[in-house]
Amino acid sequence: MNLQITAVHIMDFLGVAVFAVSGVLAAGRKHLDWFGVLVIAMVTAVGGGTLRDLLIDRPVFWLIDTSFLWVIIAATLMTMVVVRIRNIPLRALLVADALGLALFAISGARIAETAGYGGIVAVILGTMSGVAGGVLRDMLIAEIPLLLRDGEIYATAALLGIIVYLGLQVAGLERTTAAYFGMAVIAALRFTGIFLGLRMPALRLGESQDKKQG
Amino acid sequence: MNLQITAVHIMDFLGVAVFAVSGVLAAGRKHLDWFGVLVIAMVTAVGGGTLRDLLIDRPVFWLIDTSFLWVIIAATLMTMVVVRIRNIPLRALLVADALGLALFAISGARIAETAGYGGIVAVILGTMSGVAGGVLRDMLIAEIPLLLRDGEIYATAALLGIIVYLGLQVAGLERTTAAYFGMAVIAALRFTGIFLGLRMPALRLGESQDKKQG
Amino acid sequence: MNLQITAVHIMDFLGVAVFAVSGVLAAGRKHLDWFGVLVIAMVTAVGGGTLRDLLIDRPVFWLIDTSFLWVIIAATLMTMVVVRIRNIPLRALLVADALGLALFAISGARIAETAGYGGIVAVILGTMSGVAGGVLRDMLIAEIPLLLRDGEIYATAALLGIIVYLGLQVAGLERTTAAYFGMAVIAALRFTGIFLGLRMPALRLGESQDKKQG
């Protein structure tokens, strides 16, 4: 197995860990059994990266390097233990999700760049990699995905972070430094939403018109 | 990037555009922010073709030719603008969806044929290509997929259109002409449902029996 | 087309048949039209194996051997006929699902082994192959997936069955015999839940804490 440790590899390790934590915190709110929680944590953690790898026909990252699976299992078990001891607020789930979004969005954009794709593919593949795990998690536990909550700054955060990451490289910044800035933008935008309640203006189309008609 | 323009290519261009429009119209009813709407439009537009390409191990169409992405972005932005100016009825969403279904079902069947698969694979891969984008759209915005609405002629329309397309070729018609007829059948069947209220007979199994028992 | 008949091939044939039956029984409860039912049956039947094949970059099993599609169509039509004549209880759906879970979990684990992956990948790929079809089915018909129902022994059953299958091989048992034992464990655990009402202890995290706070 290829165990070459690169910056993208480390981003993916951290990404699966925090997404696994978010999966456990989300699943725990639904009274699942222990292995059901593990399944949700696993799907959340590998969802975005797996979609990314399938789309660009790369070998799936957690099949190439199975230490990802042990990281997920460890993060899941530790979260289960900590959650039983301490009283963890809902915001912990949102913070873990925000970090996963930041890490996978930028690592997805980077992998698209490395594979020779242009800026538009990097933006879209990165955004999809970032949001897919959380969307799968929320669909599986039958919650409205964070991506779709009224005014939640989510896809926008990933998109803007990737644009910052690409823009800083064009401006001459070194790739890894640009990646840190991109991730910081994504996390900062999400945290602003989570802790300060900043919201996006929503599109008002059909429903308000229906009301006029009704 | 391969920019070879074929009939299938054009069908896919039109397909992503109308599915993007349907995605915007559906997402607009849920008060998402602008980039959230773009994500829904993108997933709806590329969903069916991406599933098709992954299944038959072709390179994913919008990674090979990124002009698809610009078509989606343009269709999305134009729809957002038009929707703010004019009062667009719900049926516009259904019509855009019907056209996307017709285009992707037939292009999916054609690609399966070209890849050397037989009639049954063409029917199933075509139907899946046609319905996947819309199903993803409706699942993401937490609506019951059109595919599954009581008596809605949906999968049936795709299936019958593909059978007409294949049958006309067997009967000696030229492939592109047969494709137009197939698409016309799918669109006509959907329009009959949307505008004339034609419904399919539903299967009555478990639930009615439960009532008898209850 | 490769028509080599192996033990895994036979497991997959039986698996698609019973999952198709479960798809029909589930869809029939939602008053879908006949072709909508066929689509649900198809997705349920091919979902797990397709995900498995995409992940390890094998050709998708039902594209290589299209007799799978005819098995699904035959199983679907026969179930539709039988269901109209006889009064089939809800448990029939759960039993069909349990058999599909057992067959695809073990065949998924076997294929992972054959492809040279270690125990952890066999466990996870097998579990995913087993549960994916049923999860897709339940998401499409807008039901809470069996995987996620309160205390339902589901992912756990697949996981334990695969561990038994792998453990018996380590203990020196012949692979096919070990596979029978593994499937028997999965089916037995599901049947215990379905007929005797055995439940898993659920994780109690966020919600109970919310109540304390409330």
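So you know, we letter chains A, B, ... as the sequences are listed, proteins then strands, and number each from 1. Here the structure is a predicted model, which means the values were calculated and not measured.
Between C:L63 and B:Y117 the shortest heavy-atom distance is O-CE2, 3.5 Å.
Contact check for B:I124 versus C:V46: no side-chain heavy atoms found under the 4.5 Å cut-off.
C:F191 CZ: more than 12 foreign heavy atoms inside a 6.0 Å radius.
Among B:L55, B:L159, B:V121, the residue making the largest number of heavy-atom pairs under 4.5 Å with chain C is B:L55.
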Worksheet entry | C:D57/B:D57 under side-chain contact (heavy atoms from CB on, under 4.5 Å): CA gap, chis, key distance, verdict | CA-CA 9 Å; C:D57 212 8; B:D57 212 8; 4.0 Å; yes

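Heavy atoms closer than 4.5 Å to chain C are found in the side chain of B:L125, but not in its backbone. Within the 4.5 angstrom heavy-atom criterion, no atom of B:V131 approaches chain C. Of the atoms belonging to C:I40, it is side-chain heavy atoms, and not backbone ones, that fall under 4.5 Å from chain B. Interface remark: C:L38 contributes no atoms to any contact with chain B (heavy atom separation under 4.5 Å).
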